[in-house]
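The structure appears below as structure tokens.
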Amino acid sequence: METEEVILLRFGEIALKGLNRHRFEEQLIRNLAAQVKHHGRYEIQKRDGRVYIEPQYSEEMTLNQRRDLLEFAIDKAKKCFGVVSLSPVLKLTKSSIEDLMPYVCELCEKELRRGRRSFKVEAKRSDKSYPQNSPEIAAAVGEMILDAHPELHVDVHEPDFILWIEVRDRIYIYSEIIAGPRGLPVGTSAKTMVLLSGGIDSPVAAYMMASRGCPIEAIYFHTFPYTSDRARDKVLKLAQIVSEYSGPIVAHVVDFTDIQLKINESCPEDLLTIVMRRMMMRIADRYAEFCNCPSLLTGESLGQVASQTTEAIAASNEVSSRPIFRPLIGLDKDQTIEIARRIGSFETSILPYEDCCTVFVAKHPSTRPQIEKVHRAEAELDIEALVEMGLAKISSYSVRSHKVSEISNYRPR
Ligand code: ATP
Ligand code: MG
């Protein structure tokens, strides 16, 4: 019998999108195809309103090479927004229930090794020409499993595992359901520009907006030599981790040192943080225009630090012409850390390199900056010249999950 291991994908939210459904599915399929294309040959197929990733196994492949092809795609699908769940599935030629049993037993043995003891069979016959109907298939398979594996028993209410048999164009059997990241496929919303620092929060914020379909572009304000190039590399590494979910990111590094020093020269100490944050916002806002990003994105959370009070947030909103997404605004640090751990950014975020906010931080920052005082402090600075200075000193990097490379002359799409 011809057998093949493929991956069945399930979509959630995108199924709700009515007429848009097609567009969302197509985007998801494009994203998946882009994620796996460098690793090997895969076909991504839509059949019966479902999507399958089919590794293209060849005769000369070893068992390990086949495993690797399958596992790689499972790993990518687990990180692909829009996927609610997925299952590795055995795809078999249509045949009698008796002939399916060796494959069913193989799955049962796998579940037994995982300590599972109770099961039920769910059968679904879409192909009405198959001789048994769904309840008959389920009953026959259930009985044969019990015969072959006396250590298993049936529990229809709370089984340890469900053995699925679907009779469609072929017969599909599986027992494992792996959770996907949910959300919307990246590319179904407009691009956003994240102010990415080396901390815990902003990579999580980027992940969250990617999960709402936004492609990500990143901007980092670097104050060399006050912050080392290792700090910059850490930010690029974080972008790389986010890119495993969001797809490729273009990350921009602004040489912020002279601007920072100018601010420090004239600004009252308690307003340093807010004036610095407003400079970052202005430069990000202007650069986002150039990069076709209609929104900005930060890792701020209300009340977390002095610069994240309502008043401080209002003061930084004032200098941006575009919406600023703050997906962590209502989370506390523990919740953010939990996400950071889950997506794999936490370990990198806590590496001990300083960011400019720690180097240039005021001892007693104003928690409720009065906007008139901020305006007065900024009147001492040639704001427009400083923004131009920042915009003139930007290096851009192409960030992909497997490599980072500098872009010599960045032209946004
Ligand atoms: P994070 O963990 O993301 O660094 P944080 O809790 O340390 O956040 P702040 O340092 O006050 O908070 O920064 C608030 C937000 O401002 C960050 O989430 C990030 O979006 C942005 N930001 C701060 N510093 C930089 C920087 N050097 N370059 C780019 N963005 C920055
Ligand atoms: Mg920070």
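Order of appearance sets the numbers: ligands from 1, and atoms from 1 within every ligand. Computed from heavy atoms alone, side chains included, the values below leave out hydrogens, waters and symmetry copies.
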Proximal atoms of ligand 1 relative to Gly199 (non-hydrogen, under 4.0 Å): 1 (P), 2 (O), 4 (O)
Parallel, tilted or perpendicular: rings of Tyr174 and Trp164 (30°, 60°): parallel
Parallel, tilted or perpendicular: ring planes of Phe221 versus Phe256, cut at 30 and 60 degrees: perpendicular
Candidate pair Phe11 and Phe24, rule ring pair (Phe, Tyr, Trp, His ring centres under 6.0 Å), full reasoning: CA-CA 10 Å; Phe11 308 152; Phe24 281 69; over 10 Å; no
Parallel, tilted or perpendicular: ring planes of Tyr207 versus Tyr245, cut at 30 and 60 degrees: perpendicular
Mode of Leu196 contact toward ligand 1 - side chain, backbone, both, neither (heavy atoms, under 4.0 Å): backbone
Shortest reach to atom 17 (C) of ligand 1 by a heavy atom, considering only Ala231, Ser349, Ala312, Gly299: Gly299
Element-labelled atoms of ligand 1 that are located less than 4.0 Å from some non-hydrogen atom of Ile200: 2 (O)
Region of His222 that comes within reach of ligand 1 [heavy atoms, distance under 4.0 Å]: neither
Salt-bridge contact Glu54-Lys91 (side-chain N to carboxylate O under 4.0 Å): yes
Nitrogen or oxygen atoms of Gly198 and ligand 1 under 3.5 Å apart: no
Gln304 neighbourhood, listing ligand 1 atoms whose heavy-atom distance to it stays under 4.0 Å: 6 (O)
Any N/O pair Thr298/ligand 1 closer than 3.5 Å: no
Any N/O pair Leu195/ligand 1 closer than 3.5 Å: yes
For Tyr220, atoms of ligand 1 separated by under 4.0 Å from a heavy atom: 27 (N), 28 (N), 29 (C)
Note: Asp382-Lys262 ion pair, threshold 4.0 Å (strictly below): no
Option nearest atom 13 (O) of ligand 1 (shortest heavy-atom distance, choices His252, Arg277, Arg232): Arg277
Rounded distance (nearest 0.5 Å) linking atom OG of Ser395 with atom OH of Tyr397: 4.5 Å
Whether Ile219 lies under 4.0 Å from ligand 1, heavy atom: yes
Presence of salt bridge, Arg67 and Glu5, under 4.0 angstrom: yes
